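From a predicted model like this one, the values you see are computed outputs, not experimental measurements. The figures that follow rest on heavy atoms only: side chains count, while hydrogens, waters and symmetry mates do not. Each chain gets a letter, A, B and so on, in the order its sequence line appears, and its residues count up from 1.
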Amino acid sequence: MEGKVVTMNLVRSHVLICGGTGCTSSGSETLIAEFDAQLKKAGIEDEVSVVKTGCFGLCALGPIVIVYPEGAFYCRIKPADVEELVREHLLKGRIVNRLLYEEATGEREVKPLSEVQFYKKQLRIALRNCGVIDPERIDEYIAFDGYKALGKALTEMSPEQVIETIKKSGLRGRGGAGFPTALKWEFAAKQPKGVKYVCCNADEGDPGAFMDRSVLEGDPHAVIEAMAIAAYAIGSEQGYIYIRAEYPIAVKRLRIAIEQAKEYGLLGNDIFGTGFNFDLDLRLGAGAFVCGEETALMTSIEGHRGEPRPRPPFPAVKGLWAVPTILNNVETYANVPRIILNGAEWFADIGTEKSKGTKVFALGGKINNTGLVEVPMGTTLREIVEEIGGGIPNGKKFKAAQTGGPSGGCIPMELIDTPIDYDSLLSIGAMMGSGGLIVMDEDSCMVDIAKFFLEFTVDESCGKCAPCRIGTKRMYELLEKITSGKGEVSDIENLRTLAGSIKATALCGLGQTAPNPVLSTLRYFEDEYMAHVAEKRCPAGVCKDLLQYTIDKDKCKGCSICAKNCPVGAISGEVKKPYVIDPAVCIKCGVCEGKCPFKAIARK
Amino acid sequence: MKSLAELEAIRNKTLGNINMRQDREEGVRIVVGMATCGIAAGARPVLNALVDEVSKRGVKNVIVSQTGCIGMCRLEPIIEVYVPGKEKVTYVKMNPEKAVRVVSEHIVNQQPVLEYTVGEAEQ
């Protein structure tokens, strides 16, 4: 090209590859390398840019690759597919149909993401940039209006106006309890001038929850920008992000983002020439669940063992190092820049009367589209499970969904049409929580689920107060007794009494909410508890000690496969005649059930 | 960062490059035939010229894309321009210079370049 300047403008196509934790573990890094190699081989490496983004949400079908400008949504891409994608799609412009996302109807076609069933009912505000920008390039964040909200707040608004806007928007804390964000900010702002801190809670500990991780991995600057806005509102110059060390990708991208923001002068001194100073540091947590509790988190930042302390005084008055501090969750912050830019009314128009905006959920458990979804408040559980989540695998029936992880409760089938917002969830004994949504089908035993969550809280109890340290352990022992077939009817009443005392007396949120999974499963599935204690039977066929494997005489063809596979020799019989299982020897491992070609083995 | 103008400059510089990643309303589509016949006849420089020109002029809501064999291999390189609500216009025997003219006259000024169209070439 004699002297002709080759500009960036030649890029005619973008290959977006998910670099979130989900897709990274299903191999997106090798995919990126393969794309680079194949593009080079085809000689079009200058025309096509490969971008590593954050999470697209459909983690179940990862690694995900989207090719623009066509917007072709490719799923489960393996390195071996890359050559074909480059040769067909990128070189010749022919969409590779067999790799496209397949709708439940079986159709595969290129259409705007907003029309794909999985995204149709979603509204992405907190996740707006996840899967769209390269989180390691601040320029891309700025291109989609990044740091404009900070600029607007600093140059056009007073701190009071910022708080007023957040207040009018109705934004409530996304970490679980749903406390109005603006109130926290207002309390801290009203404290006398002096050192104040702005903190971000990125210590996401609920089993199965990964909303905050995905926001930080996909759009770290959104949180940084929001924290700067919050600092301006309350008069702080220093912020801390408390993030768990188990999130290496998020930590790395945050570090890069903070570095870039400092380089651009968006963190540091005299931001936008307004005289406003703000700096930000990371603090890594060591994986203790209790450090997600606000007072324990601050104790941990101070360098002490992460244990909660009584409130009041609330952090807004006396927080980190005993000065006024605000602490908000990652997702809460991710909403802030949009609210400042689009106005409080825009945000308040979304959602229900008392719960504004959207909520991100990590969909997991027995659901087809495991992944990350963001829906307007008030969307029903049915819409999330059946439409966005694509229903339950293997044609099984929905039984219940657990929201709020170990602090929350379950929502049974009869309440599946409940609109999801803070207040309706509380009224049915569940809670919003940070956004883990675990779906259970007919094969899940609710007593076992309650035991699972309680085991988690027993493990994670910091031990500072007796109700939590001893009480949850006692509850766990009762559940252990019930699921092993030694339960009595009185145990159920004891569970209720213990739960009530723990709720009333535990020191922090972790302990106070620990009995919730038991209480809510008792509320909706008491019959299952009764079956365990009165009939010594586990209706879902999960609790091993209550199970009996039997061979159906009419279905058994006497093929002897079960007997050959039984690890303890509990099955005997003659070939071509029905076999039998000796319950005294059987260890209930379930191998025979999986091996039987005639489905003759029943588990009761 | 000392001013909003600085921020805006970075925004504008980057937006043109990454704007294609957003879901758009139906806009103009320019499609280049990129089967073996098209590539052999020189479709690639045409495609690059289109992409370059569209982004240089900063026209919004236009995508440049490729397709397979359009069927008239002897008239390659062929490009097709789809403007919503209007009939498709097919240009044949393109080269980078002609492509630049199509962008400026057809896309920017909404005047199809009749002399390059398939109808003219066939006469």
Reported OG1-to-CG distance for the pair Thr14(B) and Asp134(A), which is rounded to 0.5 angstrom = 11.5 Å
inquiry  = Are the side chains of Phe272(A) and Leu7(B) in contact, using a 4.5 Å heavy-atom criterion?
reply    = yes
task = Report yes if some heavy atom in the side chain of Arg12(A) is under 4.5 Å from a heavy atom in the side chain of Ile63(B); otherwise report no.
result = no
inquiry  = To the closest 0.5 Å, what do you measure between NZ (Lys92(A)) and OG1 (Thr67(B))?
reply    = 12.5 Å
task = Using non-hydrogen atoms and a 4.5 Å limit, figure out which bit of Leu47(B) sits close to chain A: side chain, backbone, both or neither.
result = side chain
request  = Report the residues that fulfil ring-ring contact (aromatic ring centres under 6.0 Å, His included) with Tyr264(A), sequence neighbours left out, ordered by chain and then residue number.
outcome  = none
query = Under a 4.5 Å heavy-atom cut-off, does chain A meet the side chain of Ser3(B), its backbone, both or neither?
reply = backbone
ask   = In terms of heavy-atom contacts, does NZ of Lys40(A) have more than 12 from other residues, nucleotides or ligands at under 6.0 Å?
value = no
inquiry  = Report which part of Ile44(A) has an atom under 4.5 Å of a heavy atom belonging to chain B: side chain, backbone, both, or neither.
reply    = side chain
Rounded distance (nearest 0.5 Å) linking atom CG of Leu91(A) with atom CE of Met34(B) = 6.0 Å
key: Pick from Ile95(A), Ile66(A), Ile271(A), Val51(A) with the largest number of heavy-atom pairs that fall under 4.5 Å of chain B   = Val51(A)
inquiry  = Arg94(A): which residues meet the salt bridge (Lys or Arg N to Asp or Glu O under 4.0 Å) condition with it, sequence neighbours left out?
reply    = Glu88(A)
inquiry  = I need the Ile10(B) CD1 to Ile142(A) CD1 distance, nearest 0.5 Å.
reply    = 4.5 Å
query = Is Gln66(B) reaching over with its side chain to a backbone N or O of Leu90(A), donor-acceptor style, under 3.5 angstrom?
reply = yes
note = Max heavy-atom pairs within cutoff under 4.5 Å with chain B, candidates Thr155(A), Leu150(A), Leu154(A), Leu16(A), goes to Leu16(A)
message = I'd like to know whether CD of Glu156(A) has more than 12 heavy-atom contacts from other residues, nucleotides or ligands below 6.0 angstrom.
response = yes
query = About how many Å separate CD1 of Ile133(A) and CZ of Arg21(B), when rounded to the nearest 0.5 Å?
reply = 8.5 Å
key: Proximal component of Asn129(A), with respect to chain B [non-hydrogen, under 4.5 Å]   = neither
message = Between Glu140(A) and Arg11(B), does any side-chain N to carboxylate O distance fall below 4.0 Å?
response = no
query = Where do Gly151(A) and Leu4(B) come nearest, in terms of heavy atoms and distance?
reply = CA-CD2, 3.5 Å
query = Does a sphere of radius 6.0 Å around NZ in Lys93(B) hold more than 12 heavy atoms from other residues, nucleotides or ligands, not counting ones at 6.0 Å or beyond?
reply = no
Shortest non-hydrogen contact between Leu15(B) and Ala143(A), atoms and distance = CD1-O, 3.4 Å
inquiry  = Check this for me: Lys2(B), atom NZ, are more than 12 non-hydrogen atoms of other residues, nucleotides or ligands nearer than 6.0 Å?
reply    = yes
query = Among Glu53(B), Arg44(B), Lys13(B), which residue forms the greatest number of heavy-atom pairs with chain A at distances under 4.5 Å?
reply = Arg44(B)
